[in-house]
Amino acid sequence: MKPVLFRSATIVHPGSEFNGKKADVLIRDGKISGIAETIEADEDVVLIDAAGKYLAPGFFDLNVNFGEPGFETKEGLINGILVAAAGGFTGVAVQPSTEPPVHTKNEVSYIINTTRNALVKVYPVGCISQGRAGVDLAELFDMRSAGAVAFSDGTKPVADSGLMSRALMYAKGFDGLIFSFPEDRSIAGKGKMNEGVVSTYLGMKGIPALAEEVHISRDLYLAEYNDSPVHFSTISTANSVELIRKAKSRGLKVSCDVAAHHLVLTDEELKGFDSNYKVKPPLRLQSDVDALIAGLKDGTIDAIVSQHTPHEIEFKDVEFEIASYGIIGLQTVLPLAIKAGLSTEEIVDKLAVRPRQVLNLPVPSFAEGEEANFVLFDTEQEWEYNTETNRSKAVNSPFIGSTLKGKVIVTGNNNQLFSNTY
């Protein structure tokens with residue numbers, strides 16, 4: 001990688017002495033070789049005008065689905081890395097929803113070895129249960145030793161309370177972290193969207209908010225009983241925010257995240273039966289959206305995730321009832337966070353700092369001699385999200401064809417640069 005000088009970038013990094021200030025930043029041989037108010041450019045340096053733009057630690061996503069191994073037609077690891085880089089991410093935690101599932105050290109090692117030298121560092125999340133079947137514990141310790149950073153059954157909630165309790169207790173012994181996808185399926189039933197006025201109007205079975213909240217209540221009790229940490233993935237209701245807020249105030253070791261699309265969309269979008277709005281947890285009410293944003297701002301919610309879930313066209317271009325859940329989201333997280341009204345500092349906190357802290361990973365440092373792990377983005381620039389600018393193999397996003405505000409300019413890590421040229 002050629003040396004790069006970012007001229008007059010506004011630094012957003014709570015741990016840097018330059019936080020909130022404009023500075024020149026020189027990257028040479030993959031490291032920050034200079035950071036100062038003014039740096040003279042050598043002839044061999046690539047000069048990037050960063051005036052009016054923000055330079056921050058590379059974003060980190062706690063909830064990404066790539067298809068590999070097994071579902072490479074959805075999104076392979078290498079192409080997924082390209083999509084992540086385009087969204088400003090230099091680290092992603094990939095869910096174990098593959099075939100075979102990531103339930104032994106073999107799958108963990110495969111993911112790590114396949115992506116070892118990539119710009120985006122890929123962190124495997126191992127299964128809680130063997131085969132994601134919710135019956136027996138998977139090889140948690142072996143997977144952790146091989147490089148798994150947490151454990152989850154993806155969007156298959158662990159229904160067995162005893163199994164969940166044992167997972168929390170066992171993982172605690174080696175500082176492992178359990179991710180809980182909160183949905184009580186005995187309550188959710190065969191619902192396809194949020195239970196409410198809109199589902200009644202459409203004549204469609206709904207998933208009540210209660211299904212999520214009951215599951216969160218159960219896992220909070222189990223975490224407290226075992227004195228274990230627990231992380232809730234993609235919460236979506238106002239009462240969920242309040243349950244976690246109270247748990248944190250009581251000193252429980254709890255963290256949580258929210259999908260970016262839940263910050264700007266409601267179940268009103270489903271009146272057109274567009275399957276690209278079919279997600280799990282389902283889109284909720286405006287009151288829930290407001291509560292989620294408030295939870296981000298007061299620190300109850302730790303992170304924003306993409307919940308990137310690519311599908312082939314035949315899984316989405318069908319009747320709403322039988323369409324698969326999920327949307328692609330890595331490239332739209334920044335614009336949606338801006339649309340939700342978060343400040344630049346809040347965005348960096350929820351996309352770069354807190355996600356790494358949830359996993360006890362170091363936050364990239366902005367200091368001379370440190371590895372250059374960063375994203376340069378513009379909160380005002382608009383761009384067209386279309387089939388040309390979409391880097392994913394999949395097209396299942398309701399935002400394709402839209403003009404979005406907030407653009408990632410350059411992503412850098414591991415002595416590599418990715419530049420969005422659209």
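Because the structure is a prediction, the values reported are computed rather than measured.
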Are the side chain of [X] and the backbone N or O of [Y] linked by a donor-acceptor pair below 3.5 Å?
{"X": "S228", "Y": "L168", "result": "yes"}
{"X": "Q331", "Y": "V408", "result": "no"}
{"X": "N415", "Y": "G30", "result": "yes"}
{"X": "D257", "Y": "T234", "result": "yes"}
{"X": "H262", "Y": "P282", "result": "yes"}
{"X": "H261", "Y": "I327", "result": "no"}
{"X": "K339", "Y": "L404", "result": "no"}
{"X": "E195", "Y": "M193", "result": "no"}

Original post:
With ring centroids as reference points, do F71 and F66 lie under 6.0 angstrom apart?
Top reply: no
May I ask you to say whether [X] pairs ionically with [Y], meaning some side-chain N is under 4.0 Å from a carboxylate O?
{"X": "R284", "Y": "E212", "result": "yes"}
{"X": "D44", "Y": "R28", "result": "yes"}
{"X": "D49", "Y": "R7", "result": "no"}
{"X": "K297", "Y": "E346", "result": "yes"}
{"X": "R218", "Y": "D184", "result": "no"}
{"X": "E380", "Y": "K405", "result": "yes"}

Heavy-atom pair with the smallest gap, counting every atom of [X] and [Y]:
{"X": "P57", "Y": "V12", "answer": "CD-O, 3.4 Å"}
{"X": "P124", "Y": "I111", "answer": "CG-CG2, 3.8 Å"}
{"X": "H215", "Y": "F181", "answer": "NE2-O, 3.9 Å"}

Subject >> Cation over ring face, K74 and F315, 6.0 Å, 45° >> reply: yes
Original post:
Any cation-pi pair here, K53 with F377, using under 6.0 Å and within 45°?
Top reply: no
Subject >> For E107, all residues meeting salt bridge (charged side-chain N to carboxylate O under 4.0 Å, His left out), sequence neighbours excluded >> reply: none
Original post:
In chain order, what residues pass the salt bridge (charged side-chain N to carboxylate O under 4.0 Å, His left out) check against E183, with sequence neighbours excluded?
Top reply: R185, K280
**OP:** From the options Q357, H231, K248, select the one residue that forms a side chain to side chain donor-acceptor pair (under 3.5 Å) with D302.
**Re:** K248
Cut-off 3.5 Å, side chains only: do [X] and [Y] have a donor facing an acceptor?
{"X": "T73", "Y": "E312", "answer": "yes"}
{"X": "T309", "Y": "N65", "answer": "yes"}
{"X": "Q95", "Y": "S152", "answer": "yes"}
{"X": "E75", "Y": "S392", "answer": "yes"}
{"X": "T237", "Y": "E213", "answer": "yes"}
{"X": "Y385", "Y": "N390", "answer": "yes"}

**OP:** Report the C-alpha distance between F60 and Y123 in whole Å, list the side-chain angles of each, state the deciding distance to 0.1 Å, and finish with yes or no for ring-ring contact (aromatic ring centres under 6.0 Å, His included).
**Re:** CA-CA 10 Å; F60 192 103; Y123 296 84; 5.3 Å; yes
Side chain to side chain, [X] and [Y], heavy atoms closer than 4.5 Å:
{"X": "V258", "Y": "L263", "answer": "yes"}
{"X": "K278", "Y": "K316", "answer": "yes"}
{"X": "N106", "Y": "V108", "answer": "no"}
{"X": "F232", "Y": "D219", "answer": "yes"}

Original post:
Parallel under 30°, tilted from 30 to 60°, perpendicular over 60°: which one fits the rings of F174 and F151?
Top reply: perpendicular
Original post:
Could you give the distance from NZ (K393) to CD1 (I328), rounded to the nearest 0.5 Å?
Top reply: 13.0 Å
